[in-house]
Asks: 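Can you read through this structure? Questions will come right after.
As the structure is a computational prediction, the values presented were derived from the model and not from experiment. Values below: every heavy atom of this structure, side chains too, minus hydrogens, waters and symmetry copies. The sequence lines fix the lettering, A, B, ..., with proteins before strands; numbering per chain opens at 1.
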Amino acid sequence: MKINFDGNFCIISELEEFDPRDIFTCGQAFRWYEEDDGSFTFITHGRVANAKKVGDEILLRGVDRTSFDEIFYDYFDLDRDYKRVIEELSKDDVMKSATEYGKGIRILNQEKFETIISFIISANNQIPRIKKSIEKISEMYGEFLGEDENRKYFSFPSAEKLSKAKPEDLREFARVGFRDKRIVDTANLINNGIINIDEIEKMNLEDARSALQVLPGVGPKVADCILLFAFDRKESFPVDVWIKRVMEELYLKEVTPKSKIAVRGREVFGKNAGFANQYLFYYGRENKLGR
DNA sequence: CCACAGGTGTGTC
DNA sequence: GACACACCTGTG
């Protein structure tokens with residue numbers, strides 16, 4: 001991997017395992033827009049940036065040397081050797097196909113509170129609608145970050161700010177449905193310090209899972225997503241309907257309860273379970289496996 | 001009008 | 001613990 005800077009641009013080259021489309025559309029993140037030129041504009045850490053794949057290079061606009069070092073290097077998980085992850089996972093034909101299909105995926109290291117609320121919204125919901133709800137919540141309660149010819153940008157609100165939101169406003173304007181109260185109650189529990197994110201970060205995987213599930217709207221699947229996408233627990237294995245279908249069809253060969261699949265996923269893929277999960281989810285959903 | 005998509009909370013055994 | 005069933009909204 002080579003990194004070059006040109007003012008407000010960062011150019012990454014000699015890195016095969018980085019495709020903005022795979023990274024943003026694989027289901028892990030919601031604060032992004034696909035532009036007409038095929039690039040992806042995204043918001044994180046109070047910043048707006050744009051990622052575009054041009055030939056073998058990745059162009060990051062809105063990323064200078066300082067913000068790259070402080071934010072984006074970690075956000076894009078650039079310290080990790082995904083070639084090696086893929087090698088370690090490619091022990092069978094299923095994973096060979098899945099990693100080949102999603103070879104540009106990287107698991108982002110996202111902001112914790114935003115990820116918690118985002119995945120509470122994701123429950124029994126679909127990506128376009130989740131994106132819209134989060135966008136509206138940011139517009140209503142976040143900070144204005146700037147605008148371009150396409151749209152205005154807002155940061156995701158703090159727990160303090162969101163704890164003061166009214167459930168009926170979230171329902172009426174952000175279209176979150178029955179998740180309205182869960183969102184405000186969770187923001188309150190975190191804002192009050194009743195649930196301490198820094199404490200959860202220090203726990204082992206099982207304790208962290210249980211601690212997160214104290215939050216209303218956080219069950220086993222959402223807890224695993226939060227751990228995988230914001231707490232750097234790359235060994236966690238969220239089981240949604242797609243993972244259930246793919247695992248049943250390709251690995252287990254029989255109908256299996258979600259709770260058992262979560263355990264089996266971690267047994268089969270070990271420390272790489274989270275990566276396997278993302279490759280399988282993306283591969284399975286895009287190809288409608290098991291449907 | 002209806003069917004379908006998708007995790008959690010609640011209640012029952 | 002394992003299982004029903006309700007819960008919102010958008011799309012086709």
Asks: Between Ile183(A) (CD1) and dT8(B) (C1'), how many Å, whole number?
Replies: 13 Å

Asks: Are Tyr141(A) and Phe154(A) close enough that their ring centres sit under 6.0 Å apart?
Replies: no

Asks: Give me the ring orientation class for Phe42(A) and Phe72(A): parallel if the planes are under 30° apart, tilted from 30 to 60°, perpendicular past 60°.
Replies: perpendicular

Asks: Which is true for Pro128(A) with a 4.0 Å heavy-atom rule: it touches a base, it touches only sugar-phosphate, or it touches nothing?
Replies: nothing

Asks: Distance check needed: dG1(C) P versus Lys260(A) NZ, whole Å only.
Replies: 12 Å

Asks: Using 30° and 60° as the class limits, which term best fits the ring planes of Phe24(A) and Trp32(A): parallel, tilted or perpendicular?
Replies: tilted

Asks: Please pick, from dT8(B), dG6(B), dG9(B), the nucleotide with the shortest atom-to-atom distance to any side-chain atom of Arg245(A).
Replies: dG6(B)

Asks: Salt-bridged, Lys2(A) to Glu14(A), with N to O below 4.0 Å?
Replies: yes

Asks: Once you round it to whole Å, what is the distance between P of dA2(C) and CD1 of Ile261(A)?
Replies: 13 Å

Asks: Can you tell me how far C1' of dA5(B) sits from NZ of Lys221(A), to the nearest Å?
Replies: 13 Å

Asks: For dA5(B), take OP1 and OP2 only and decide whether either is under 4.0 Å from a side-chain N or O of Trp242(A).
Replies: no

Asks: Spell out protein contact along nucleotides 6-12 of chain C as letters: B when the base is contacted, S when just the sugar-phosphate is, - when no protein heavy atom is under 4.0 Å; keep the 5' to 3' order.
Replies: -BBBS--

Asks: For the pair made of CD1 in Ile243(A) and P in dG6(B), what is the distance, rounded to whole Å?
Replies: 13 Å

Asks: Quick one: is the NZ or CZ of Lys52(A) closer than 6.0 Å to the six-membered ring centre of Phe40(A), and within 45° of its axis?
Replies: no

Asks: For Ile117(A) and dT8(B), what is the distance between atoms CD1 and P respectively, to the nearest whole Å?
Replies: 14 Å

Asks: Distance check needed: dT8(B) P versus Leu212(A) CG, whole Å only.
Replies: 12 Å

Asks: Between Phe119(A) and Phe30(A) (judged by ring centroids, cut-off 6.0 Å), do the two rings come close enough to count as a pair?
Replies: yes

